[in-house]
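In what follows, a structure is listed as structure tokens, so that the remarks can point back to it.
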2 protein chains.
Amino acid sequence: MFKAELTRIEILRKSFDLIYKNGYQATSIDEILATTKVTKGAFYYHFKSREEMGMALISDVMHKELWPAVKKSISTTKDFRKNLYKMLRNLLIEHPVLTCEYGCPSVNLIQEMAPLHEHFRKALKKNLSEWQKVIEEEIVRAQSAGQLSADHDSQNIALYVITLYHGARNMGKVLGKAYYMTFLGEFDNYLHSLK
Amino acid sequence: MFKAELTRIEILRKSFDLIYKNGYQATSIDEILATTKVTKGAFYYHFKSREEMGMALISDVMHKELWPAVKKSISTTKDFRKNLYKMLRNLLIEHPVLTCEYGCPSVNLIQEMAPLHEHFRKALKKNLSEWQKVIEEEIVRAQSAGQLSADHDSQNIALYVITLYHGARNMGKVLGKAYYMTFLGEFDNYLHSLK
DNA sequence: ACATTTCCATACCGATTAGTATGGCGCAAA
DNA sequence: TTTGCGCCATACTAATCGGTATGGAAATGT
């Protein structure tokens with residue numbers, strides 16, 4: 001009941017690493033086992049299939065470990081523009097695990113798996129909704145504080161900001177880290193265009 | 001010198017279909033052969049490896065067939081806002097081949113392959129640069145015509161627009177086609193915020 | 001007519017894949 | 001002490017992978 005949980009986590013962590021760098025479909029179980037001390041018997045004791053492990057990865061690792069970092073990246077100054085800007089900046093530039101080269105695990109998985117597995121799509125959508133919700137609250141707060149016109153649809157803006165992040169993660173893979181800076185510049189322009 | 005070119009194209013077209021829907025790494029040569037009348041001997045006569053076929057796919061199919069559609073999607077009215085809006089709208093909504101579910105082949109390949117194969121990254125970057133260039137010209141034209149302040153950096157805006165497209169393609173996979181409309185609404189707001 | 005090259009078909013290879021079958025170790029309850 | 005269960009190790013399978021070897025039909029040049 002204790003040691004077992006450790007091996008389960010070891011499997012998920014290594015899987016996360018490999019899938020983050022090589023993609024879900026390109027990461028084999030044997031490769032995971034080869035780079036850990038876990039054997040195949042242990043793997044199939046904890047997960048009844050490869051797909052179930054993928055689902056556990058989304059809900060356990062990505063949701064429970066990565067998501068808090070996202071939430072923490074949101075400052076709470078009075079200026080909502082500053083808060084949203086810093087949020088994206090923290091995620092793009094300062095994140096301790098994510099790199100420009102390999103992008104964002106969530107974005108990657110959406111791109112690769114959303115059309116192929118409905119379970120995956122729904123699980124990833126759930127992650128997305130939580131982020132969206134937090135951004136929405138920040139928008140609404142700004143509107144209540146008179147920093148932003150109430151005409152704006154908070155949901156639309158929230159989704160738009162997330163869309164920008166997803167796009168930047170994709171473009172960064174081609175253009176390199178330098179692009180993150182020019183992107184953030186334009187993002188700042190956008191935020192200040194919101195009246 | 002004639003029939004041979006046909007089989008080459010048949011290979012590339014079917015490869016494009018499968019890779020577009022399932023991803024590059026998940027598409028096997030055997031699967032391509034199974035769904036065409038092409039044999040393995042023919043395949044390896046035209047391409048010395050799987051990777052070379054992938055490169056040919058980027059330069060031949062995507063560049064020579066998809067790219068003209070992109071270029072055609074750009075209207076040439078006087079209003080640059082209208083032109084850019086319609087460009088994204090055409091690509092997202094009206095494109096005859098691309099679907100919301102499977103996204104954009106270029107975006108997909110960038111996400112999957114840019115970190116893994118430097119050749120791929122460069123070839124995809126080249127595609128991107130052409131699109132960027134066309135958008136830049138539209139921005140510059142608008143600036144010369146006094147529709148837009150010369151303070152704006154045309155390159156940054158062009159990349160920003162492409163970033164938005166990439167993000168929308170990604171988000172669409174999770175949220176479905178309906179999101180394209182709300183996205184386009186926010187994109188329109190952005191365009192009109194450019195003074 | 002013959003020779004040569006282009007283009008493709010078939011059979012095969014070793015490596016790798018997801019998944020299974022089975023056995024055993026350690027520990028707690030009886 | 002024995003029984004049972006949680007946890008894992010080893011060995012295996014059938015299928016599939018990218019790639020090769022080889023032979024031959026069809027077109028082409030001489």
Side-chain angles (χ1 to χ4, degrees), chain A residues 1-58 60-61 109 112-113 115-120 123, chain B residues 1-58 60-61 109 112-113 115-120 123:
Chain A
M1 200 63 174
F2 217 63
K3 177 94 176 301
E5 191 61 22
L6 284 182
T7 61
R8 189 188 134 96
I9 289 179
E10 189 184 359
I11 294 172
L12 287 177
R13 284 186 123 78
K14 178 57 80 174
S15 300
F16 174 79
D17 271 0
L18 292 174
I19 290 175
Y20 174 49
K21 290 177 183 167
N22 303 323
Y24 174 81
Q25 312 200 70
T27 302
S28 71
I29 296 175
D30 285 342
E31 192 183 356
I32 297 168
L33 304 179
T35 49
T36 54
K37 289 191 192 288
V38 181
T39 64
K40 190 157 283 197
F43 184 95
Y44 279 97
Y45 172 78
H46 287 283
F47 309 100
K48 78 169 200 287
S49 73
R50 186 179 126 93
E51 188 180 335
E52 194 186 273
M53 187 272 289
M55 288 296 297
L57 209 162
I58 295 178
D60 289 17
V61 182
L109 267 186
E112 185 184 3
M113 299 307 296
L116 299 181
H117 283 304
E118 185 65 12
H119 316 90
F120 279 36
Chain B
M1 200 62 177
F2 218 63
K3 176 90 176 302
E5 191 61 19
L6 285 181
T7 61
R8 188 189 134 97
I9 290 179
E10 189 183 0
I11 294 171
L12 287 177
R13 284 187 122 77
K14 178 58 78 176
S15 300
F16 174 79
D17 271 0
L18 292 174
I19 290 175
Y20 174 49
K21 291 177 183 166
N22 303 323
Y24 175 81
Q25 311 200 73
T27 301
S28 71
I29 296 175
D30 284 343
E31 191 184 357
I32 296 168
L33 303 179
T35 48
T36 54
K37 290 190 191 286
V38 181
T39 63
K40 190 159 280 196
F43 184 96
Y44 279 97
Y45 172 78
H46 286 284
F47 308 101
K48 77 170 200 285
S49 73
R50 183 179 128 92
E51 188 180 336
E52 194 187 273
M53 186 272 288
M55 289 297 296
L57 209 162
I58 295 178
D60 289 18
V61 181
L109 266 187
E112 183 184 5
M113 298 307 295
L116 299 182
H117 280 304
E118 185 65 11
H119 315 92
F120 280 36

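These numbers come from the heavy atoms of this one structure, side chains and all, not from hydrogens, waters or symmetry mates. Every chain is numbered from 1 and lettered A, B, ... according to where its sequence line falls, protein lines coming before strand lines.
- Secondary structure note: stems in DNA chain D built from 3 or more consecutive Watson-Crick or G-U wobble pairs under 3.5 Å occupy C:4-6 with D:25-27, C:8-30 with D:1-23.
- For the C1' atoms, the distance linking D/dT28 with C/dA1 amounts to 14 Å, nearest Å.
- Residues that satisfy the side-chain contact (heavy atoms from CB on, under 4.5 Å) test with A/E52, not counting sequence neighbours, are A/F47, A/K48, A/S49.
- Here the side chain of A/Q25 pairs a donor or acceptor atom with the backbone of B/N22 at under 3.5 angstrom.
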Evaluation steps, side-chain contact (heavy atoms from CB on, under 4.5 Å), between A/I11 and A/T36: CA-CA 8 Å; A/I11 294 172; A/T36 54; 5.9 Å; no

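- Across the protein-nucleic acid pair, B/R50 atom CZ and D/dG18 atom P stand 5 Å apart, rounded to whole Å.
- Once rounded to the nearest 0.5 Å, the distance linking CG of A/L12 with CG of A/D17 reads 11.5 Å.
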With side-chain contact (heavy atoms from CB on, under 4.5 Å) as the test, would you mind laying out the steps for A/Y45 and A/T7 before giving the verdict? CA-CA 11 Å; A/Y45 172 78; A/T7 61; over 6 Å; no

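- Of the inter-residue distances, the one linking B/M113 atom CE with B/E51 atom CD reads 7.5 Å to the nearest 0.5 angstrom.
- Contact annotation: A/T7 side-chain N/O to D/dC7 OP1/OP2 distance is not under 4.0 Å.
- Within residues 30-47 of chain B, the residues that place at least one heavy atom under 4.0 Å from DNA chain D are, in residue-number order, B/D30, B/K40, B/Y44.
- The nearest whole Å value for the distance from the CD1 atom in B/I29 to the P atom in D/dA15 is 21 Å.
- In this structure, A/R50 forms no cation-pi arrangement with A/F43, as its terminal cationic atom is not both closer than 6.0 Å to the ring centre and no more than 45° off the ring axis.
- Per the geometry, NZ belonging to B/K48 stands 19 Å off C1' belonging to C/dC7, to the nearest Å.
- One can place CD1 of B/I9 at 12 Å from P of C/dC8, the figure rounded to the nearest angstrom.
- As a whole-Å value, the separation of A/E52 CD from C/dA18 P is 15 Å.
- The CD-C1' distance, from B/E5 to C/dT6, rounds to 14 Å in whole Å.
- Taking atom CE on B/M53 and atom P on D/dG18, their separation rounds to 9 Å, with Å as the unit.
- Here the closest non-hydrogen pair linking A/A4 and A/H46 is O-CE1, 3.2 Å.
- Not one N or O on the side chain of B/E112 forms a donor-acceptor pair closer than 3.5 Å with the backbone of A/E112.
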